[in-house]
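These notes concern the structure reproduced below.
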Amino acid sequence: MKMRSLFILLFSVLIAPMYAQKEAAIWYFGDGAGLDFNSGNPVTLTNGKLVTKEGCASISDKNGNLLFYTDGSTVYDKSHQIMPNGFGLLGHRSSTQSAIIVPKPRNPYIYYIFTVDQPLPVYPSGITSSDDPPPNHGLNYSEVDMRLNNGLGDIVPTKKNIHLITYNPNDSEEVKYKCSEKITAVQHEDGVSFWVLTHFINNFYSFKISTQGVNSNAVKTNTPLNIPLGGYQPDPNTLAYVTATFNAIGYLKASPNGKKIAIANTASRRTNEKNPKTNLPVYNSGNILLYDFNPATGTLTNGITVLDNANPYGVEFSSKTKKLYVTTNKYKADGTTPDGSSLLQYDLRSTNIPASKILIDNSFYNAGALQLAIDEKIYRAGYLYPAEGSNKLSVINNPEEDGATSNYRQNAIDLYGTSYLGLPPFITSLFLYSFAYEFNCLGDSTHFFINTVETVDSVLWNFGDGTTSSNKDASHVYANTGQYTVTLTKTVNGDTRDPIEKKLQYMKPRLFLKSHIS
């Protein structure tokens, strides 16, 4: 058994791809927690300044050098100092996804921080609070110019907290709450622009970010999914209502190939029933839905309910968009006491995706975020109730594989700081999955392919052995085993991109590959 495990480990090391685009290489989250993926494996960071239980975001340059990070309210530069104008953003550290960072297309200096607030109720008469004024600031964005602050970057004062409409301005109740705690971003089909998406009540809103900047006119998709505004409103007779916005909670994610959107709604209560965050009933009203996404138009179609009558929080796709993973909380029979959580896997290639559900793990840990990293593993946050936080993360080592062979490991990653529920989201359709290969044993014709939504004009593959190809979907047989540096140069909409490279290990014999799964 030990020898077999050694073969598996050696095999995984040999085929691990190297990444040239590392905008998602450095993570900061929780209370002083951080990870650096530049080496190919997560290395604990000790210099993070965030103190957040949920929302966070970070960004590096294409070589993996940190640029800045945020909890949606305060922005820290790469020297871990608050940017001179980097405070007072309208996200909230208790928002599920308080922020996501999007680069301005074809501009190496400008980045946009999109923020979503935590919906708070209108305070009853006579009650005051030192917390953010209710009810909700909604979706906003701020512009970071990396040329400011001696090259450390700063928020452009005239482009801070620019509001975007994600509600019906003629509905006074919608105006109060404006937006859910969900936000994601995905590459546009043109290969240059991006979409930023959020959800509110029964609508998705897609905002296009192009070379011209942020288009404030959203593409609106109306769906049968209805997360009622009543679930944003708590019991006005208790001060616990300041966190009682369970209908807004849960992650929103786009698939790495840009063609799927998954949304986790922790609750879908019709009225101000009691809130699970306060240990009061009612539970099991949440759901997970999966949609097809059109990266050319920003619209969503063909929604299916993957999970219902549950309490989901985290959701994430595997790097090749073969699998969908979900975390969902459980409660004891008394309806008030947390009872751990489940990690679920769904097969996106199945003709019946909801029925493909496999239980990967049941644990006493709560349902935290799931986040795909550039090593193509999925990391899971969460902590053991009733403790507050954990100094470890869990990991799905082989998320493309079925069931137990996905190799989930609880508490596998040590942290310097404390992790709670949130992990930083990224544009995985751009930063992670530039190209891929399969069949890399001696004698194989190795298949190289581009798994993005962009329309590619032309390509040039350099296979690292002196041969090239201009076929978009290319195959190549290497004469000898060894490590080869493969580069892909794409031209998209007349714009020739910087070459992207990966290390390919061409191996022998096939029997070695078969032996590790026997």
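- Of the N and O atoms on the side chains of N366 and N329, not one donor lies less than 3.5 Å from an acceptor on the other residue.
- Minimum interatomic distance between S206 and L197 (heavy atoms only, all atoms of both residues): OG-CG, 3.5 Å.
- The aromatic rings of Y506 and Y478 lie tilted to each other, with the angle between the two planes from 30° to 60°.
- The pair D292-K259 does not meet the salt-bridge criterion, since no charged nitrogen lies less than 4.0 angstrom from a carboxylate oxygen.
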May I have the step-by-step check of ring-ring contact (aromatic ring centres under 6.0 Å, His included) for H447 and F439, ending in yes or no? CA-CA 6 Å; H447 175 215; F439 314 127; 7.1 Å; no
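- Proximity of a side-chain donor or acceptor of S193 to a complementary backbone N or O of K208 within less than 3.5 Å is not detected.
- Taking the six-membered ring for Trp and thresholds of 30 and 60 degrees, Y112 and Y141 have ring planes more than 60 degrees apart, a perpendicular arrangement.
- V219 and T299 make their closest contact through CG1-CG2, 3.7 Å (heavy atoms, listed as atom of the first residue, atom of the second, distance).
- In this structure, F114 and V102 have side chains that are in contact, with non-hydrogen atoms separated by less than 4.5 Å.
- W27 and F37 have tilted rings, their planes meeting at an angle from 30° to 60° on a 0 to 90° scale.
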Check against ring-ring contact (aromatic ring centres under 6.0 Å, His included), Y325 and F317: CA-CA 6 Å; Y325 290 86; F317 295 89; 9.9 Å; no
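- Side-chain atoms of Q371 and K253 include a donor-acceptor pair closer than 3.5 Å.
- At a threshold of 4.5 Å between non-hydrogen side-chain atoms, the residues T221 and T223 count as touching.
- No side-chain heavy atom of P354 sits under 4.5 Å from any side-chain heavy atom of L307.
- Taking 4.0 Å as the cut-off between side-chain N and carboxylate O, K320 and E376 count as a salt-bridged pair.
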Would E54 and Y313 satisfy side-chain hydrogen bond (donor to acceptor under 3.5 Å, both in side chains), going step by step from the backbone distance to the final call? CA-CA 11 Å; E54 295 184 86; Y313 184 81; 2.6 Å; yes
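- Ring orientation note: the planes of W195 and F293 are nearly perpendicular, at an angle over 60° on the 30°/60° scale.
- The heavy-atom pair separating A99 from P425 by the smallest distance is O-CG, 3.6 Å.
- Between R380 atom CZ and T327 atom OG1 the span is 6.0 Å, to the nearest 0.5 Å.
- Here the closest heavy-atom approach between residue C56 and residue L423 is recorded as SG-C, 3.6 Å.
- No side-chain donor-acceptor contact under 3.5 Å links N309 and N284.
- A 6.0 Å sphere centred on CD of E438 holds more than 12 heavy atoms belonging to other residues, nucleotides or ligands.
- Between S180 and V116 there is no side-chain heavy-atom pair separated by less than 4.5 Å.
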side-chain contact (heavy atoms from CB on, under 4.5 Å) for F463 and T468? Distances and angles first, verdict last. CA-CA 6 Å; F463 299 121; T468 62; 5.7 Å; no
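- From S419, atom OG reaches atom CG of L393 across 4.5 Å, with rounding to the nearest 0.5 Å.
- At least one side-chain heavy atom of I427 sits less than 4.5 Å from a side-chain heavy atom of P103.
- Here CG of L344 is found 10.0 Å from CG of L370. Values are rounded to the nearest 0.5 Å.
- Looking only at atom types and distance, the side chain of N265 has no donor-acceptor partner in the side chain of S268 under 3.5 Å away.
- There is a side-chain donor-acceptor pair under 3.5 Å between N362 and K330.
- H476 and T467 are linked by a side-chain donor-acceptor pair at a separation below 3.5 angstrom, with hydrogens and angles left out of the test.
- Using a 4.5 Å heavy-atom cutoff, the side chains of L45 and I26 are in contact.
- Side-chain atoms of N352 and S350 include no donor-acceptor pair closer than 3.5 Å.
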In sequence, state the C-alpha distance, the side-chain angles, and the governing distance for T115 and L139, and then conclude on side-chain contact (heavy atoms from CB on, under 4.5 Å). CA-CA 6 Å; T115 61; L139 175 63; 6.0 Å; no
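- Scanning both residues, K323 and P399, for their nearest heavy atoms gives CG-O, 3.3 Å.
- Between the side chains of N411 and Y365, at least one donor-acceptor pair of N or O atoms lies under 3.5 Å.
- Counting heavy-atom neighbours within 6.0 Å of K357 NZ, excluding the residue itself, gives a total of 12 or less.
- In this structure the side chain of K22 reaches within 4.5 angstrom of the side chain of N38, judged on heavy atoms.
- To the nearest 0.5 Å, the span separating CG on N222 from CG on N226 amounts to 9.5 Å.
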Worked check of salt bridge (charged side-chain N to carboxylate O under 4.0 Å, His left out) between D117 and K178: CA-CA 9 Å; D117 196 6; K178 296 182 178 66; over 6 Å; no
Decide side-chain contact (heavy atoms from CB on, under 4.5 Å) for S98 and H92; before the verdict, give the C-alpha distance in whole Å, the side-chain angles of both, and the deciding distance to 0.1 Å. CA-CA 6 Å; S98 63; H92 196 290; 5.5 Å; no
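- Judged purely by distance below 3.5 Å, without hydrogens or angles, the side chains of S255 and N257 pair a donor atom with an acceptor atom.
- Legend: ring pair (Phe, Tyr, Trp, His ring centres under 6.0 Å) pairs involving residues 197-227, not counting sequence neighbours, sorted by first then second residue: H199-F204, F200-Y232, F204-Y291.
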Should D308 and T305 be marked as a side-chain hydrogen bond (donor to acceptor under 3.5 Å, both in side chains) after you check the CA-CA gap, both sets of side-chain angles, and the distance that decides it? CA-CA 7 Å; D308 207 3; T305 300; 5.5 Å; no
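- Here the closest non-hydrogen pair linking A264 and P312 is CB-CB, 4.3 Å.
- Ionic pairing of K490 and D457 is not present here: no N-O contact between side-chain nitrogen and carboxylate oxygen is shorter than 4.0 angstrom.
- Rounding to the nearest 0.5 Å gives a distance of 9.5 Å between CG of L504 and OG1 of T485.
- Between the CD1 atom in I249 and the CD atom in Q97 there is a gap of 12.0 Å [rounded to 0.5 Å].
- Counted by atom type alone, Q118 and S95 present zero donor-acceptor pairs between their side chains at under 3.5 Å.
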Between L35 and Y28, does the side-chain contact (heavy atoms from CB on, under 4.5 Å) criterion hold? Intermediate values first, please. CA-CA 7 Å; L35 291 173; Y28 287 104; over 6 Å; no
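- A salt bridge does not link K322 with E400: none of the charged nitrogens is closer than 4.0 Å to a carboxylate oxygen.
- At least one side-chain heavy atom of Q410 sits under 4.5 Å from a side-chain heavy atom of S363.
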